[in-house]
Amino acid sequence: MASGAGDWSSSPIDDYETLISTTDVELLKRAWRNEKASPEILPFQDALVKRAKEQIQLMEETVDEFEESGHDPLIVSLYQMDLDRAQFLLRSYLRVRLQKIEKFMFCIWKNDTYRDRLSEEEKSFIESCIRVIEKHLDETVLSKLPENYRDILKQSAISEEDDMVPEPQLDTFVVANCKRATRPLYLDSNRQSAVFDNRDDYFQMVPGDLCIIRYKPFREELINGNIDLV
Amino acid sequence: MAGQSDPHVSLFSAEEVEFIAEDEMVEIVPNMTIERLNFISGDFGPFLPLTVNQVPLWLAVALKKRGKCAIRPPHWMSVENLTKVLEEERDSQGAFQALPFHYVEISRLLFDHAREDIPDIYLVRSLIEDIRDVRLHKVETSLEKFSGTSAVKIPNLSAMEVNIIRPFVGRALQAFYKHDNPEKIPDIDRVSSGQSRVANSEPPRRPLRR
């Protein structure tokens, strides 16, 4: 795919690449990969998921018709495989997001930016999740602790911030592929030089670059679509 | 660092990496007529015998399994190209040779399902394994040379190799970053006493050596 110039690909493949790269399956795959590799929850691809759901439903009906009408079983099995692949991507995308929501429930709920990134269904999921967890922890543990320690968000009544809330670790390192040139980013300190690149203060990716980067400085680039996580 | 939380395996399982690789295009030569296929992932065909078609790898493997086509090995999988790549891999110290991003997965799938379509399959297979070994070894030795950076460029690494080194490199670089920036990571255990003040006035930390 877009892994740089290659002598092994001829021009028919390039045309196909550009054609294929605009299909919903390809976009869903990209969203799925990004979501899996990213430590925080990314904006929900509402339109994409809707379109994908419709196409999958349509295809399911088509396959059922084919089976009933006794269509060539080979063709039916091929359509079924394609359907399975698309379903897997959609399901896995939604599941990865749910996992992240469960993990960082309170953090997402408190933070407006994160909350805006959820879909409607995810919002109602997180509300009921929080209700259930609060109730459970209260009944089993919190009500039995001394007065000052009963809050679910704070360690004790004298804590200044909500320190019982786990936050996504934004300093994790991720591997990213560059699709469009990024802004030059100033990465602090004099520790830029690595084995494969000797840029000094400013780090910039050009299309085709594959890099291991710290997640935090590149959040916007990811959301803008300039880079993709691998 | 040593006792850090769950030593999770890599983000993507090997099967998932293969799944991603299965969308790469390959050429097939069908041996029967197949009508046009309107998949969710794209439209392919119609397929006529003895013509060359471009299809995704998963479709090619499915057709091959049912004996409906022959798969043409991609250009980069020829003995001469691979021998050249192997020599250049061995010669160059830090750089990786240009290979398709999913070369491991593509070659594995073709070996498993399209043996008779690949000329000199044993030679090709041993060449690819040698290339893999040389590259992995190269990655390992160059990992020793990382000295606390915030970003590393690794051109031409492949998907499977990325997946293998991801957990270790990720945690290693994160540890470097954390140790080089102690003031940026809030440390709730730090007791503000005379002890830590003395520690802070020490000379700057020695950079980690190879």
Side-chain angles (χ1 to χ4, degrees), chain A residues 1 3-10 12-13 16-17 19-20 23-26 29 33 36-37 52 55-56 59 72 74-75 77-79 81-83 85-86 88 92 163 169 171-175 185 187-189 191-197 199 203 205 208-214 217 230, chain B residues 11-12 16 19-20 22-25 34-35 37-42 54 56 58-59 62-63 66 68 74-77 81 94-95 98-102 142 145-159 162-163 166 169-174 176-178 180-181 185 188 207:
Chain A
M1 296 223 274
S3 48
D7 297 328
W8 57 84
S9 52
S10 46
I13 294 192
Y16 245 109
E17 298 275 336
L19 183 62
I20 295 283
T23 63
D24 282 340
V25 167
E26 184 64 34
K29 193 162 81 168
R33 273 166 112 172
K36 249 196 162 211
Q55 288 185 13
I56 289 178
M59 186 61 86
D72 184 8
L74 165 70
I75 306 289
S77 71
L78 293 180
Y79 273 101
M81 277 180 75
D82 175 63
L83 186 58
R85 289 177 71 88
F88 168 74
S92 199
D163 43 9
Q169 179 65 275
D171 283 323
T172 40
F173 277 76
V174 291
V175 184
L185 283 166
L187 293 173
D188 44 352
S189 92
R191 294 179 258 96
Q192 285 321 299
S193 56
V195 183
F196 305 104
D197 182 65
R199 216 73 49 104
F203 186 79
M205 293 208 269
D209 271 350
L210 186 66
C211 314
I212 307 182
I213 48 174
R214 195 159 54 92
V230 168
Chain B
L11 278 179
F12 292 93
E16 284 168 347
F19 178 79
I20 296 172
E22 280 176 341
D23 281 327
E24 296 285 315
M25 292 305 220
I34 306 176
E35 66 192 28
L37 298 166
N38 297 321
F39 289 154
I40 300 178
S41 45
Q54 303 266 357
W58 64 268
L59 183 56
L63 287 172
R66 292 160 173 79
K68 304 293 179 196
H75 304 203
W76 57 267
M77 245 171 104
N81 188 46
L99 275 175
F101 191 53
H102 292 282
S142 57
K145 302 199 198 108
F146 284 4
S147 55
T149 65
S150 266
V152 185
K153 286 203 184 191
I154 38 164
N156 290 325
L157 208 57
S158 80
V162 163
N163 205 38
R166 193 207 313 266
V169 172
R171 290 218 301 276
L173 286 176
Q174 206 176 338
F176 276 129
Y177 181 72
K178 202 155 89 169
D180 277 325
N181 292 296
I185 312 285
I188 24 183

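What you are looking at is a predicted structure, and each value in this text was computed from that prediction instead of being measured. Below, chain A is the first sequence line, B the second, and so on; all start at residue 1. Note: hydrogens, waters and symmetry copies are ignored here, and every other heavy atom, side chains too, is used.
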Working for side chain to side chain contact (heavy atoms under 4.5 Å, CB included), residues B/Y177 and A/F173: CA-CA 10 Å; B/Y177 181 72; A/F173 277 76; 4.2 Å; yes
From CA spacing to verdict: side chain to side chain contact (heavy atoms under 4.5 Å, CB included), A/V174, A/I212: CA-CA 6 Å; A/V174 291; A/I212 307 182; over 6 Å; no
Polar side chain donor-acceptor pair, B/Q174 to A/D171, under 3.5 angstrom: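 Per modelled atom types, B/Q174 and A/D171 side chains form no pair under 3.5 Å.
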Selection from [options] maximising heavy-atom pairs under 4.5 Å formed with chain B:
| options | value |
| --- | --- |
| A/L83, A/V230, A/I75 | A/V230 |
| A/K36, A/M81, A/M59 | A/K36 |
| A/T172, A/V25, A/D82, A/D72 | A/D82 |

Spacing of CD belonging to B/E24 relative to CD belonging to B/E22, to within rounding of 0.5 Å: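 If I round to the nearest 0.5 Å, the distance is 11.0 Å.
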Region of A/A37 that comes under 4.5 Å of a non-hydrogen atom in chain B: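 Both parts, heavy atoms under 4.5 Å.
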Aromatic ring pairing B/W58/B/F39, orientation class (parallel under 30°, perpendicular over 60°, tilted between):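 Geometry flag for B/F39 against B/W58: tilted rings.
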Region of B/N163 that comes under 4.5 Å of a non-hydrogen atom in chain A: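 For B/N163, no heavy atom lies under 4.5 Å from chain A.
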